[in-house]
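Beneath this line is the structure, given in structure tokens, with notes to follow.
Proteins come first, then strands; the chains are lettered A, B, ... in the order of their sequence lines, and each starts at number 1.
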Number of protein chains: 2
Amino acid sequence: MLSNACQYAIRSILYLGMRSDEEHKIGVKVISKELEVPQPFLAKLLQQLNKSNLVTSTKGPYGGFYLSETNKQHTVWDIVSLIDGNEKFNQCFLGLSKCGDDNPCPVHFTVSAFKQKLFQDFKEKTIAEFVEEIKLKGRYISLKSFEILKPDSDS
Amino acid sequence: MLSNACQYAIRSILYLGMRSDEEHKIGVKVISKELEVPQPFLAKLLQQLNKSNLVTSTKGPYGGFYLSETNKQHTVWDIVSLIDGNEKFNQCFLGLSKCGDDNPCPVHFTVSAFKQKLFQDFKEKTIAEFVEEIKLKGRYISLKSFEILKPDSDS
DNA sequence: TTAAAACAGGACAAAAATATCTTTTTTATA
DNA sequence: TATAAAAAAGATATTTTTGTCCTGTTTTAA
């Protein structure tokens, strides 16, 4: 459903939300290794996210990426609509242009209920809230999964 | 989520399920026009579906495609797994390889509930049942949508 | 002030998905 | 039997997505 690029973007931002702040910036190299995402591709992506004010970067030694407080007030939906476009959650599962509540395809109601719920999650919760939730549940983002680690194993 | 090819395939098969039988075969030209799908692309697809016994075809004048009774005993899932592969409903929404019930990504439960429901629909209902359901609701497949037509407007 | 670290930007490359074209085979029927 | 209609098959083309490479710019700190 989401493009690779978009998945990478969401994962990166959640990762940065968990691990970074203005005093602890993280370089592309580290992020790409941790999330198992191709480095140059991710670099481009982060560039784009930076331009749209979804992440913050600084150059030079000790530079890298992090989420500012402003960045964290954005939503996952902001990421999706930037990378995959506004219509991502607005398309018929079977590709019918005229599918809708009044003229539903055979899976319309199943699909639209799901999309609505997810859309709400993505649109209503800020990145900060998402991150908070993950932290409360004791999970940290690393590698390609949200692995459960002991909180104090964090560096 | 589903590829174009897969959406085209599902739509074609439901369309054939509604409109065709051994005495009323339908040519690629007609199907592609009705479903607004590129004709040569669809031809290839139907070829593939035919090889996998999901549709039946005959060559020559008055030839075309239709669903035999055997064809109709297949499921939508058979189409999906043929075109988009077996893992389509088995992948993390955020692309995490280790995401699962015991190690869920932030949207895991929302997404997996949906996928299960859809998967069930696709796996348990035969094409025949899907078609029956559409007919009962008074809908016919045409153009790019499942439009509601008066039953007797059918030729 | 200079070297190195890190992101920025632009061009390029590869792979996958989508789409097209041409020729061959089959078949009904005139 | 010849002809035309239609799918099958294979080759090719286009577009999109994904991924890479190289050079430039900024920044830090020795």
>> Considering every strand and a 4.0 Å limit on heavy-atom distances, what is the contact class for B/K25: base, sugar-phosphate, or nothing?
In response: nothing
>> Need one value for A/G63: base, sugar-phosphate or nothing, where a base atom within 4.0 Å counts as base even if backbone is also close, heavy atoms only.
In response: sugar-phosphate
> Counting side-chain heavy atoms from CB outward, which of C/dG9, C/dT27, D/dT26 is closest to A/K59?
Replying inline: D/dT26
>> Just the rounded figure in Å: distance from P of C/dA5 to NZ of A/K29.
In response: 8 Å
> Mapping A/P61 and A/L42 to their closest nucleotides on DNA chain D, which lands nearer the 5' end?
Replying inline: A/L42
>> With a 4.0 Å cutoff (strictly under), does any side-chain N or O of A/S57 reach OP1 or OP2 of C/dA8?
In response: yes
>> Quick one, B/R19 with B/I26, criterion side-chain contact (heavy atoms from CB on, under 4.5 Å). Give me CA distance, side-chain angles, the key distance, then yes/no.
In response: CA-CA 8 Å; B/R19 300 297 190 92; B/I26 309 182; 3.8 Å; yes
>> Determine whether a donor-acceptor pair (one donor, one acceptor, N or O, separation below 3.5 Å) exists between the side chain of B/Q39 and the base of C/dA19.
In response: no
> For B/Y62 and C/dA30, what is the distance between atoms OH and P respectively, to the nearest whole Å?
Replying inline: 7 Å
Which protein N or O atoms sit under 3.5 Å from an N or O of nucleotides 17-19 of chain D?
residue : atom : partner : partner atom : Å
D/dT18  : OP1  : A/N4    : N            : 3.1
D/dG19  : OP2  : A/Y8    : OH           : 3.2

>> Between C1' on C/dA17 and CD on B/Q48, what's the gap in Å once rounded to a whole number?
In response: 13 Å
> Counting distance only, does the side-chain N/O of A/N71 pair as donor-acceptor with the main-chain N or O of A/N53 below 3.5 Å?
Replying inline: yes
> Is the NZ or CZ atom of B/K115 positioned over B/F89's six-membered ring, under 6.0 angstrom from the centre and within 45° of the axis?
Replying inline: no
> How long is the line joining CD of B/Q47 and C1' of C/dT20, in whole Å?
Replying inline: 14 Å
> What integer distance in Å separates B/F65:CZ from C/dT27:P?
Replying inline: 14 Å
> Below 4.0 angstrom, N of the basic side chain to O of the carboxylate: do A/E129 and A/K72 qualify?
Replying inline: no
>> Between A/L46 and A/I31, is the side-chain contact (heavy atoms from CB on, under 4.5 Å) condition met? List the steps.
In response: CA-CA 10 Å; A/L46 288 169; A/I31 305 175; 4.1 Å; yes
> Between B/V37 and B/Y66, is there a shared hydrophobic cluster once you connect ILVMFWY residues whose side-chain heavy atoms come closer than 4.5 Å?
Replying inline: no
>> Tell me the interatomic distance from A/L46, atom CG, to C/dA8, atom P, rounded to whole angstroms.
In response: 8 Å
>> Measure CG/B/N50 against P/C/dT25 and give the value in whole Å, please.
In response: 18 Å
> Could you walk me through whether A/F65 and A/T56 pass the side-chain contact (heavy atoms from CB on, under 4.5 Å) check?
Replying inline: CA-CA 6 Å; A/F65 294 87; A/T56 306; over 6 Å; no
> When the distance from CD1 of A/I31 to C1' of C/dC7 is rounded to whole Å, what number comes out?
Replying inline: 11 Å
